[in-house]
Amino acid sequence: MEELSHFIDGRRVSGESGRFSDVFNPATGEVQARLPLASVDEVDAAVRGAAKAQAGWAAANPQRRGRVLMEFVRLLQRDMDSLAEALSREHGKTLPDAKGDIQRGLEVVEFCIGAPHLLKGEYTSSAGTGIDMYSLRQPVGVAAGITPFNFPAMIPMWKFAPALACGNAFILKPSERDPSVPLMLAELLLEAGLPEGVLQVVNGDKIAVDAILQHPDIGAAGFVGSTPIAEYVFAQGAAHGKRVQCFGGAKNHMIVMPDADLDQAADALVGSGYGAAGERCMAVSVAVPVGEKTADALIERLVPRVESLKVGPYTAGEDVDYGPLVTSAAKERVLGLVESGLRQGAELCVDGRNLRIQGYENGFFVGPHLFDHVKSDMDIYKTEIFGPVLSTVRADSYEQAIKLAMDHEYGNGVAIFTRDGDTARDFAERVNVGMIGVNVPIPVPLAYHTFGGWKKSVFGDLNQHGPDAFRFYTRTKTVTSRWPSGIKEGAILNFQSVD
Ligand code: NAD
């Protein structure tokens, strides 16, 4: 069986801890590789290597760093098919979806090629008599990223591309469920001209994460994953003096107003609710039709669409809408939540529990589920299911619908479908959620805007990608300078204002 590795100082390195985890092919249920889990010492060696390499990388001027990223984009395009295949084999998502995962990461790399513009700093000439003042943005040194299984290409790139563009070295700790693509990305960066040691990939579990969070030479750590771990990483990282930003779970609502185009709304709910088997932090998992008539008409449109979804392995190509869940534990968890929905009185309009795929009986497939008459105190409403399960909560009015989204503990994404500009505008102004779609079900901002939720979907104060990423991965230093010809007074003991 294949044994995977770490990627340290420019080459693949075997694990030394003696601890391993299994990497599955979720479509067949077979273990396809063993992944070494790093010890504290292995993390420390990676950080030391990164710290050594960082100074030279930071000294390269920003346009040279940009050129390495430009070449990296070319290599990503060259290897798109093999990257997507490796991604689907470990994650289970369809090939077009895997390419989308890579593409949305690539777009952030493209944005980072223009980093010199965002690293310029500020200058005030003659801030006082003969006094000039300027602010510099300098890299934090070694930064780290801890990433989830559901976007094994995109999120690592969202983390390391801006960090590298700023002149940092980077320690990437990818998900142990699908680590192959992150290792391939590290190799491509080396091929693109990144000096050895500037990007280190350390595979591991909680032991590696804790070692990163406690390491004195890591200045900033970014995390994406579930909310309990995001909260933990934020607290631990901050307690160890690091700058930390953590992005957590979600329960994204889509409000459907009576004036919406209901066919469009139903298509949007199917695409965003069931794409990638619902394993997206921006998946819509709650439909909120306003008014009984809207709800009945929406369910009538949803049922045949959901029933006709095709589930299967990525190898079946165009014939598949979504693939398996990532592990058997994820499958059991989702099916357990479906049972709880039934116990607590929700109506199951489409039942995907008994899906069997010939030849793939051991795969982690779950058929599509559609619930109606879900109430806000049910577990299927309160919990992030992260599977192909859409819950419908009927609201009597727009006010009740917006209140549902606002009272939920998560605040990653939300959407409203309506033809009424006033309603849409009011919604965008008032709702306490970070990313809002108006007739757009998955409002993931493009690379030059920033990405981030509110409430329990985020811990920290700067978003991912866009200009915020450059603030997160740099420290500001402000210099006040005066030359002898501007110095007229003798010693001054009082606190000076400049006027
Ligand atoms: P996860 O929290 O299980 O794992 C994320 C990372 O944390 C992995 O690298 C993992 O190795 C590490 N980890 C797991 N347990 C840990 C522990 N006890 N201590 C320290 N580190 C630990 O998340 P996941 O299942 O890989 O990803 C799915 C979750 O990520 C969902 O909740 C989804 O909503 C969320 N997500 C959020 C965003 C966002 O931007 N808000 C984006 C993608 C995914």
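Note that the coordinates shown come from a computational prediction; the quantities given were computed from them, not determined experimentally. Residue numbers count from 1 along this sequence. Just follow the structure's listing: the first ligand is 1, and inside any ligand the first atom is 1. Atom set for the values below is all heavy atoms of this structure, side chains included, hydrogens, waters and symmetry mates excluded.
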Give me the one residue out of His465, Gln464, Met157 that meets side-chain contact (heavy atoms from CB on, under 4.5 Å) with Val108. His465
Taking C-beta and beyond as the side chain, do Tyr322 and Pro368 meet within less than 4.5 Å on heavy atoms? yes
Would you mind reporting whether Ile380 and Val374 have side-chain heavy atoms less than 4.5 Å apart? yes
Counting only heavy atoms not in [X], do more than 12 fall under 6.0 Å of its [atom1]?
X: Glu3; atom1: CD; value: yes
X: Arg12; atom1: CZ; value: yes
X: Lys455; atom1: NZ; value: yes
X: Arg425; atom1: CZ; value: no

Measure from [atom] to every heavy atom in [options] and give the option owning the shortest one.
atom: atom 36 (N) of ligand 1; options: Cys281, Pro228, Gly452; answer: Cys281
atom: atom 14 (C) of ligand 1; options: Thr327, Val326, Val209, Ile229; answer: Ile229
atom: atom 10 (C) of ligand 1; options: Lys206, Glu384, Gln464, Glu176; answer: Glu176

Taking only heavy atoms of [X], which atoms of ligand 1 are found under 4.0 Å from at least one of them?
X: Ile155; answer: 42 (C), 43 (C)
X: Ser226; answer: 1 (P), 2 (O), 23 (O), 29 (C), 30 (O), 32 (O)
X: Thr147; answer: 6 (C), 8 (C), 9 (O)
X: Ile146; answer: 6 (C), 7 (O), 9 (O)
X: Asn150; answer: 43 (C), 44 (C)
X: Phe223; answer: 2 (O), 5 (C), 6 (C), 7 (O)
X: Val224; answer: 5 (C), 36 (N), 37 (C), 38 (C), 39 (C), 40 (O), 42 (C), 43 (C), 44 (C)
X: Phe247; answer: 39 (C), 40 (O), 41 (N)

Nearest protein heavy-atom contact for [atom]: which residue, which atom, what distance?
atom: atom 28 (C) of ligand 1; answer: Phe386 CE2, 3.6 Å
atom: atom 40 (O) of ligand 1; answer: Phe451 CE2, 3.1 Å
atom: atom 27 (O) of ligand 1; answer: Pro148 CB, 3.3 Å

Purely on distance, is any nitrogen or oxygen of [X] under 3.5 Å from one on ligand 1?
X: Gly225; answer: yes
X: Lys173; answer: yes
X: Phe149; answer: yes

With a 3.5 Å cut-off and no angle check, do the side chains of Glu90 and Ser180 form a donor-acceptor pair? yes
Do Gln200 and Asp9 have side-chain atoms, one donor and one acceptor, less than 3.5 Å apart? yes
At under 4.0 Å between heavy atoms, what of Val233 touches ligand 1? The answer is neither
Could you tell me whether Thr227 approaches ligand 1 through its side chain, its backbone, both or neither, with non-hydrogen atoms closer than 4.0 Å? neither
For Lys242, what residues pass the side-chain hydrogen bond (donor to acceptor under 3.5 Å, both in side chains) criterion, not counting sequence neighbours? none
Would a line drawn from the ring center of Phe151 to the ring center of His91 be shorter than 6.0 Å? no
Does some non-hydrogen atom of [X] fall short of 4.0 Å from ligand 1?
X: Asp205; answer: no
X: Arg280; answer: no
X: Gly248; answer: yes
X: Phe151; answer: no
X: Asp210; answer: no

Measuring to protein heavy atoms, does anything land under 4.0 Å from atom 4 (O) of ligand 1? no
Does NZ or CZ of Lys159 come closer than 6.0 Å to the centre of the six-membered ring of Tyr473, within 45° of the ring's axis? no
If you measure from the Lys or Arg side-chain nitrogens to the Asp or Glu carboxylate oxygens, is any gap between Asp267 and Arg305 under 4.0 Å? yes
Carboxylate-amine/guanidinium proximity below 4.0 Å for Asp377 and Lys375: no
Which residues satisfy the salt bridge (charged side-chain N to carboxylate O under 4.0 Å, His left out) test with Glu110, sequence neighbours excluded? none
